[in-house]
Structures are given as C-alpha cells and as structure tokens.
2 protein chains.
Amino acid sequence: MPLPSSTVENYLKTIYKAQAAQRDHGRLVPMGHLAQALNVVPGTATTMVKALAESGLVHYEPYAGVRLTPAGEKLAALVLRRHRLIELFLVKVLGMSWAEVHDEAERLEHAASDKLIDRIDNMLGRPATDPHGDPIPDSSGSMVVRDYQTLLTCPLGTPVVLTRVTDQDAAFLRFLEGNSLKPGQKLRIEARDDAADQVVVRGKRDAKITIGMRAAAKLQVAPAEPEG
Amino acid sequence: MPLPSSTVENYLKTIYKAQAAQRDHGRLVPMGHLAQALNVVPGTATTMVKALAESGLVHYEPYAGVRLTPAGEKLAALVLRRHRLIELFLVKVLGMSWAEVHDEAERLEHAASDKLIDRIDNMLGRPATDPHGDPIPDSSGSMVVRDYQTLLTCPLGTPVVLTRVTDQDAAFLRFLEGNSLKPGQKLRIEARDDAADQVVVRGKRDAKITIGMRAAAKLQVAPAEPEG
DNA sequence: GCCCGGGTTTTGAGTGGTCAAAAAACAAAG
DNA sequence: CTTTGTTTTTTGACCACTCAAAACCCGGGC
Ligand SMILES: [Mn+2]
Ligand SMILES: [Mn+2]
Ligand SMILES: [Mn+2]
Ligand SMILES: [Mn+2]
C-alpha cells in the first residue's frame with residue numbers, strides 16, 4: 001500500500017464532496033459528474049475508478065456510479081482536512097486573500113506531511129471551519145456537518161449570520177469580500193423577488209446589497225445569536 | 001512550454017548543486033553522479049537528460065556529462081530559492097526542527113506558487129541564508145556565493161563563526177544541535193589530529209567538542225567579527 | 001596495438017495517467 | 001416493444017517516468 005498519489009487523492013476528495021452535496025447519504029455518484037468535476041474525459045474516470053475499487057477505496061457499480069468505502073472516506077476526509085487547514089493558515093498567518101488560497105491549497109494539500117498539518121492545526125487553535133466556513137475534519141477524519149439554511153430558504157426579516165460560502169470561484173469571492181459578505185457577518189433579508197431574480201439583504205452598517213438567486217443559494221446562514 | 005514537472009525540477013536542482021560542488025565552474029557533471037544523487041538507475045538519467053537537452057535546459061555531451069544552460073540554471077536557482085525559503089519559514093514561523101525541515105521542503109518546493117514564496121520572503125525580511133547557512137537566491141535567480149573555510153582548513157586558535165553546514169542528514173543535524181553547533185555559533189579550534197581523526201573545538205560556554213574529520217569538513221566557518 | 005573494466009547508453013518492458021473515438025448499455029418516450 | 005438520445009464503457013494509442021539487462025564506449029595498462 002504505497003501512499004496515494006495526488007491523482008488518487010483528488011478523485012477521493014471529489015467523490016467525497018459530491019456525496020456530501022447530495023442529501024441522500026448512500027446514493028452513488030454518477031461517473032459523468034465525477035469526470036466533469038475532475039476535468040477529465042468520462043472514459044478516464046471509469047478506468048481510474050475501477051483501479052480505486054480494486055484497492056478497496058470505493059464501491060463501484062457499472063452504469064450506476066461510485067461511492068466511497070469507509071477506507072476511502074477516511075482518506076478523503078484527511079485530504080479535506082489538509083486543504084482547509086492550509087487555506088486558513090494562508091489567510092491567518094500569511095495574510096493571503098480568501099479568494100486566492102483555494103488554488104494554492106489545491107496543490108499544497110498533497111505535499112504537506114501530517115506532522116506539518118498538526119503543527120498548523122495547533123498554531124491556529126484547532127479551528128472548526130476554514131475561511132469559507134467549510135468544516136475541518138479532525139485528525140481521525142470525522143467532522144461535524146451542520147445543516148444550514150441559505151439566503152434563498154431562510155426566513156425574511158429575522159437577523160441571520162453568514163456561516164458558509166459554497167463556491168470557491170475567485171471572482172465571486174472577491175465580489176463577496178467587496179461587500180463584506182464573509183462568514184461571521186450579520187445579515188437581514190429585506191426582500192426576495194422570484195420574478196426579478198433578486199435577493200435584497202442588509203449587511204454591514206445597514207448597507208443594502210442585491211444579489212441574484214443563484215448566488216444567494218451559495219450563501220449559507222444560521223439564526224443570529226442574540227448577543228450582548 | 002508547460003510548467004516543469006517536479007521530476008524535471010529535481011533533475012535541474014541536482015545538476016545545479018553538483019555543478020556548484022565542483023570548484024571548476026564549467027565542468028560537466030557525470031551521469032553516474034546524477035543518477036546516484038537522484039536515486040535512479042543510470043539509464044533513467046540518460047533518457048531524462050536527453051529530454052532536458054531537447055527542451056534547452058541542459059547541455060548534454062554523450063559519455064562526458066551534463067551542464068545547465070542559462071535557462072536551466074535560472075529554473076534550478078528558483079527551485080533552490082523555494083526550498084530554502086520554505087525551510088527557514090518552517091523553522092522560524094512554525095517552530096520545526098532544522099533537522100526535519102529538509103524532507104518537508106523537498107516536496108513543498110514543487111507545490112508552492114511564486115506568490116506564496118514572495119510572501120514568505122517578505123515575512124522573513126528577505127533573508128540571505130536558510131537554517132543550514134545555505135544562500136537563498138533572489139527572485140531573479142541570482143545569489144551571492146561565498147567561499148568559506150571548513151573546520152578542517154581554517155587556522156587553529158583564532159576565533160571563527162560557524163556559517164554553513166553542508167549535509168542535510170537528520171541524525172547528523174540533531175547531533176550538531178545537541179552540541180550547539182548551528183550557524184552563528186562562535187568557535188575556536190583547539191587541536192587537529194590527523195592520525196586520531198579528531199578535531200577539537202571550543203564552542204558555547206567553552207564546552208569542548210570532539211568530532212571526526214569527515215564531519216569537520218562539512219562545517220564551514222568564517223573569521224569571527226570582533227564585535228563589542 | 002589489444003584488452004580490460006568502469007562508466008554509459010540502448011533496448012525492451014512496465015506503471016500510472018490521460019484522450020479520441022467506437023461500441024455498448026440504459027432510460028424515456030412513442 | 002422499438003426507437004432515440006444520453007451516459008457509460010471499451011479499445012487503442014500516447015506521454016512521462018522508471019528499471020533490468022544487454023550492448024557499447026573509452027581511458028588506462030600491458
Ligand atoms: Mn488537489
Ligand atoms: Mn475552503
Ligand atoms: Mn524535491
Ligand atoms: Mn537547507
């Protein structure tokens with residue numbers, strides 16, 4: 001059992017995230033989705049997945065799709081852990097923008113040793129989430145998955161706090177940053193208009209921000225704690 | 001011109017270091033040395049070097065050896081820059097031991113972007129040398145190479161300062177650390193005995209340290225500045 | 001000049017990862 | 001059912017990198 005190549009790690013991570021994205025826990029991830037997410041041609045994904053199945057990391061059902069085995073799931077979670085701790089480290093310690101850390105972490109996640117990752121984890125105070133609000137698995141590979149509302153589904157008027165952004169696109173993140181829409185920010189939904197494809201929110205210093213519904217769906221929120 | 005793979009980067013870096021190690025600037029590095037340093041079989045090195053020559057990174061002379069072209073030299077220097085800045089960063093910012101940072105940097109050097117490296121360089125105050133005293137090339141790929149004496153060649157009795165350690169072996173580095181033999185340390189050679197394979201030095205708090213001559217040759221020193 | 005030995009190159013093969021294009025399977029609709 | 005369109009798999013090929021082993025070159029020694 002040689003250490004998994006970065007290709008293998010990327011496949012596992014992608015399956016993991018696809019699995020998490022579909023509500024139904026035990027469903028199979030279709031080959032097409034996997035290929036597209038990994039930017040390879042479908043035949044490549046098929047070949048690779050068969051190899052992963054051979055080494056016991058995934059369960060593969062021809063013409064149906066793929067799902068991680070417990071072994072694969074643990075490995076994937078550890079890659080995700082490395083990725084997210086590195087992102088947070090780059091932001092907190094090196095002062096990089098949350099818009100650019102994703103690409104950097106995409107490569108570093110395969111090169112950083114567990115020893116280094118633990119050191120980073122420690123220095124950051126064992127954080128629970130990364131700069132985008134994504135949960136960070138612990139060193140055993142388990143993590144707390146909370147089920148948030150989005151700016152599309154949460155109640156109007158009541159104060160909420162932005163907890164997670166589910167899109168790593170740099171331009172999108174820069175836009176959000178420019179409007180102070182980062183995790184931790186308190187918000188209140190003013191209005192939603194399906195026909196106009198608009199969601200209007202009040203943010204920092206009561207500034208009014210209008211975004212489209214596809215963007216709104218990428219912003220997850222929790223009920224704001226009534227504090228001090 | 002796709003970015004060089006980490007394999008290519010390792011070949012270039014190894015040729016660079018071999019070239020630097022032989023006094024004669026323009027001599028060719030023999031294939032055997034290269035293969036051994038890279039832990040590959042000689043035939044592999046030959047094949048690879050021919051490919052490097054094809055892309056203009058090295059000059060290759062069959063049965064004679066290989067030398068970097070200006071393009072190859074610049075690329076190699078930048079890999080070295082990444083490696084050494086990462087090492088220093090791991091020691092200074094993350095508190096890792098100078099004995100373990102080499103292996104970590106060996107992988108990270110291929111994954112870190114120039115943007116990240118510049119940030120690290122900045123945070124460290126544009127340092128001139130890494131934790132082992134190796135010079136750090138600037139972002140254009142040039143660096144100051146100074147010619148030091150070693151504990152084997154320097155004059156007896158006169159105070160010197162340890163400037164560089166030319167062996168990355170973790171056990172050796174731990175031994176040195178245990179005896180406070182790190183760059184910056186002031187020393188004075190007490191005695192040298194060829195027959196007994198011994199070099200005796202006075203170090204921190206006048207502690208007496210005796211090391212073998214092969215080890216002594218790996219410790220480079222400069223005349224100590226007489227400072228207040 | 002010839003041979004010998006150490007270093008070097010060639011050859012043939014294998015692994016991991018990928019694509020293009022043809023073939024096969026499936027789902028959905030008539 | 002049968003047809004149609006989409007998804008998936010198969011096939012054949014290729015590239016980067018590697019090794020084992022055979023063939024080769026070349027600088028001494030005789
Ligand atoms: Mn990755
Ligand atoms: Mn993230
Ligand atoms: Mn390396
Ligand atoms: Mn070093």
Side-chain angles (χ1 to χ4, degrees), chain A residues 1-15 18-19 21-22 24 27-67 72 75-76 79 106-107 109-111, chain B residues 1-15 18-19 21-22 24 27-67 72 75-76 79 106-107 109-111:
Chain A
M1 38 183 159
L3 9 163
S5 69
S6 59
T7 304
V8 167
E9 290 188 343
N10 282 335
Y11 271 82
L12 295 179
K13 196 181 65 167
T14 304
I15 298 169
Q19 242 169 237
Q22 59 202 17
D24 184 352
R27 208 161 59 201
L28 296 176
V29 176
M31 290 295 117
H33 175 88
L34 186 55
Q36 192 150 7
L38 285 164
N39 222 13
V40 293
V41 88
T44 302
T46 300
T47 310
M48 193 61 203
V49 161
K50 286 206 280 196
L52 294 178
E54 202 60 37
S55 36
L57 295 170
V58 305
H59 168 73
Y60 168 53
E61 232 164 273
Y63 294 101
V66 64
R67 175 186 32 236
L75 234 52
V79 178
E106 202 57 52
R107 296 185 313 277
E109 66 186 356
H110 310 293
Chain B
M1 37 181 157
L3 11 161
S5 68
S6 58
T7 303
V8 168
E9 291 189 342
N10 282 333
Y11 272 81
L12 295 178
K13 195 180 63 167
T14 304
I15 298 169
Q19 243 170 236
Q22 59 202 19
D24 184 352
R27 209 162 59 201
L28 296 175
V29 176
M31 289 294 117
H33 175 88
L34 186 55
Q36 193 149 6
L38 284 164
N39 222 11
V40 293
V41 88
T44 302
T46 300
T47 310
M48 193 62 204
V49 161
K50 286 206 282 195
L52 294 178
E54 202 60 36
S55 37
L57 295 170
V58 305
H59 168 74
Y60 168 54
E61 232 165 273
Y63 293 100
V66 64
R67 176 185 32 235
L75 233 51
V79 178
E106 202 57 52
R107 296 184 314 276
E109 66 186 356
H110 311 293

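Predicted, not measured: the structure shown is a model, and the values here were computed from it. Side chains included, hydrogens not; waters and symmetry mates left out as well; all remaining heavy atoms used.
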Output a table of donor-acceptor pairs, distance under 3.5 Å, between side-chain atoms of residues 27-46 of chain B and any protein atom two or more places apart or on a different chain; print 'none' if there are none.
unit_1: B:Thr46; atom_1: OG1; unit_2: B:Pro42; atom_2: O; d: 3.3

Side-chain donor-acceptor contacts of residues 57-64 of chain B below 3.5 Å, not counting sequence neighbours, with atom names and distances?
unit_1: B:His59; atom_1: NE2; unit_2: B:Glu61; atom_2: OE1; d: 3.0

Which pairs would a plain distance check flag for residues 1-14 of chain B, meaning a side-chain donor or acceptor within less than 3.5 Å of a matching protein atom at least two apart in sequence or in another chain?
unit_1: B:Ser5; atom_1: OG; unit_2: B:Thr7; atom_2: N; d: 3.4
unit_1: B:Ser5; atom_1: OG; unit_2: B:Val8; atom_2: N; d: 3.2
unit_1: B:Glu9; atom_1: OE1; unit_2: B:Arg82; atom_2: NH2; d: 3.1
unit_1: B:Glu9; atom_1: OE1; unit_2: B:His110; atom_2: ND1; d: 2.6
unit_1: B:Glu9; atom_1: OE2; unit_2: B:Arg82; atom_2: NH2; d: 2.7
unit_1: B:Asn10; atom_1: OD1; unit_2: B:His110; atom_2: NE2; d: 3.0
unit_1: B:Asn10; atom_1: ND2; unit_2: B:Ser6; atom_2: O; d: 3.3
unit_1: B:Lys13; atom_1: NZ; unit_2: B:Glu106; atom_2: OE1; d: 3.3
unit_1: B:Lys13; atom_1: NZ; unit_2: B:Glu106; atom_2: OE2; d: 2.5
unit_1: B:Lys13; atom_1: NZ; unit_2: B:Glu109; atom_2: OE1; d: 3.2
unit_1: B:Lys13; atom_1: NZ; unit_2: B:Glu109; atom_2: OE2; d: 2.9
unit_1: B:Thr14; atom_1: OG1; unit_2: B:Asn10; atom_2: O; d: 2.7

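Against DNA chain C, the stretch residues 6-14 of chain B makes no heavy-atom approach under 4.0 Å.
With rounding to whole Å, A:Leu57 atom CG is found 15 Å from C:dG16 atom C1'. Rounded to an integer number of Å, the gap from A:Glu54 CD to C:dG17 P is 14 Å.
Extent of DNA chain D lying under 4.0 Å from chain A heavy atoms, first and last nucleotide in 5' to 3' order, is D:dT8 to D:dT10.
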For nucleotides 4-11 of chain C, 5' to 3', base contacts (B), sugar-phosphate-only contacts (S) and non-contacts (-) with protein non-hydrogen atoms under 4.0 Å give ----SBB-
